[in-house]
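One structure below.
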2 protein chains.
Amino acid sequence: MTDTAIAPPQLTGEQREFLDQILDKWSLQVLDKLCERPRRFNELRRAIPVVTQKSLTATLRRLERNGMIERVVIGTRPVAVEYRISALGETLQDLIDALLGWASSNMDEVRQARGRFDDEAGEA
Amino acid sequence: MTDTAIAPPQLTGEQREFLDQILDKWSLQVLDKLCERPRRFNELRRAIPVVTQKSLTATLRRLERNGMIERVVIGTRPVAVEYRISALGETLQDLIDALLGWASSNMDEVRQARGRFDDEAGEA
DNA sequence: CCGTATCCCTAACGATACTG
DNA sequence: CAGTATCGTTAGGGATACGG
């Protein structure tokens, strides 16, 4: 106990589960797209490489349940649905951008690390 | 195209996969622990709530392969192994802290959102 | 257009036992 | 101590078909 002024972020199981639900494979991309502007379901589907209907629906429901996005039903015919980032979701925007930017910037080094790792495994 | 000075972070599949591998259930916690100081295998195991040997091993291998951590074998008897954050991993430290901090700060609002969502589903 | 329902398959995980 | 190996279960994901 020397100089830990701020409380150590000992994650509770609840928090771990929550982060797990908003940092998964598709969520980051959905949040990223919705940070730009609201989108319709099929619009999102097209914007995200190869997500299936099922996975996208599941991701949207999960994000909505966790308060990260809002689902707005527009009562036209046929029905239209718009998804948009929530106030809570917006507070994560900078972090997401930073994360995606970090991944882009360091992908090269990651590739090299993978090469080294796989080589060592191969010769052993 | 108004003021987007930085390139839009259109994630490649490769980058998405990479982020997926270092933001998963256990990785965040492992990285967090190793940012504090190097740790031994069983030390990590105890430090992280309920991870199993198998999952911890898999997580460590994945992080090592992606260049985020380093595995140092100390040739004592019985063998000791120390894991520590890599230079690349360190560049993510602030982001991880921010992420964990954000989760802590907003957990309350998340709980409320869940309550609302589950209520609506229940009465429907 | 926006989903839900179904089938199927595989990747992940926990539990347990065993090795250098 | 630090793993690997195996087994059985289960959650996630893709493909497809159908409904409001």
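Keep in mind the model is a prediction, meaning the values are calculated, not measured. In what follows, chains are A, B, ... by sequence order, proteins preceding strands, each numbered from 1.
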- Message: Students often mix this up, so state it plainly: with edges at 30° and 60°, are the rings of B/Y83 and B/F41 parallel, tilted or perpendicular?
- Response: tilted
- Task: Please tell me if the side chains of B/L92 and B/I22 come closer than 4.5 Å, counting only heavy atoms from C-beta onward.
- Result: yes
- Sub-4.0 Å heavy-atom contacts from residues 71-86 of chain B onto DNA chain C, ordered by number: none
- Query: Do B/D32 side-chain atoms and B/L28 backbone N/O form a donor-acceptor pair below 3.5 Å?
  - Reply: no
- Message: What residues from residues 38-67 of chain B pass a heavy-atom cutoff of under 4.0 Å to DNA chain C?
- Response: B/T52, B/Q53, B/K54, B/S55
- Message: salt bridge (Lys or Arg N to Asp or Glu O under 4.0 Å), that's the test. Do A/R116 and A/D119 meet it? Break it down for me.
- Response: CA-CA 5 Å; A/R116 284 192 302 272; A/D119 279 357; over 6 Å; no
- Query: Can any side-chain N or O of B/Q15 pair as donor or acceptor with the backbone N or O of B/T12 at less than 3.5 Å?
  - Reply: yes
- Item | Closest non-hydrogen atom pair between B/N66 and B/L88, with its separation | O-CD2, 3.8 Å
- Query: Considering only heavy atoms, which members of residues 16-30 of chain B lie under 4.0 Å from some atom of DNA chain D?
  - Reply: none
- Message: Donor-acceptor pair, distance only, cut-off 3.5 Å: does the side chain of B/S55 make one with the backbone of B/V51?
- Response: no
- Message: Using side-chain heavy atoms (C-beta onward) and a distance below 4.5 Å, is B/D20 in contact with B/R16?
- Response: yes
- Message: Please find the pair of heavy atoms, one from A/L19 and one from B/L99, that lie closest to each other, and give the distance.
- Response: CD2-O, 4.3 Å
- Query: Taking the side chain from A/Q93 and the backbone from A/G89, do they hold a donor-acceptor pair closer than 3.5 Å?
  - Reply: no
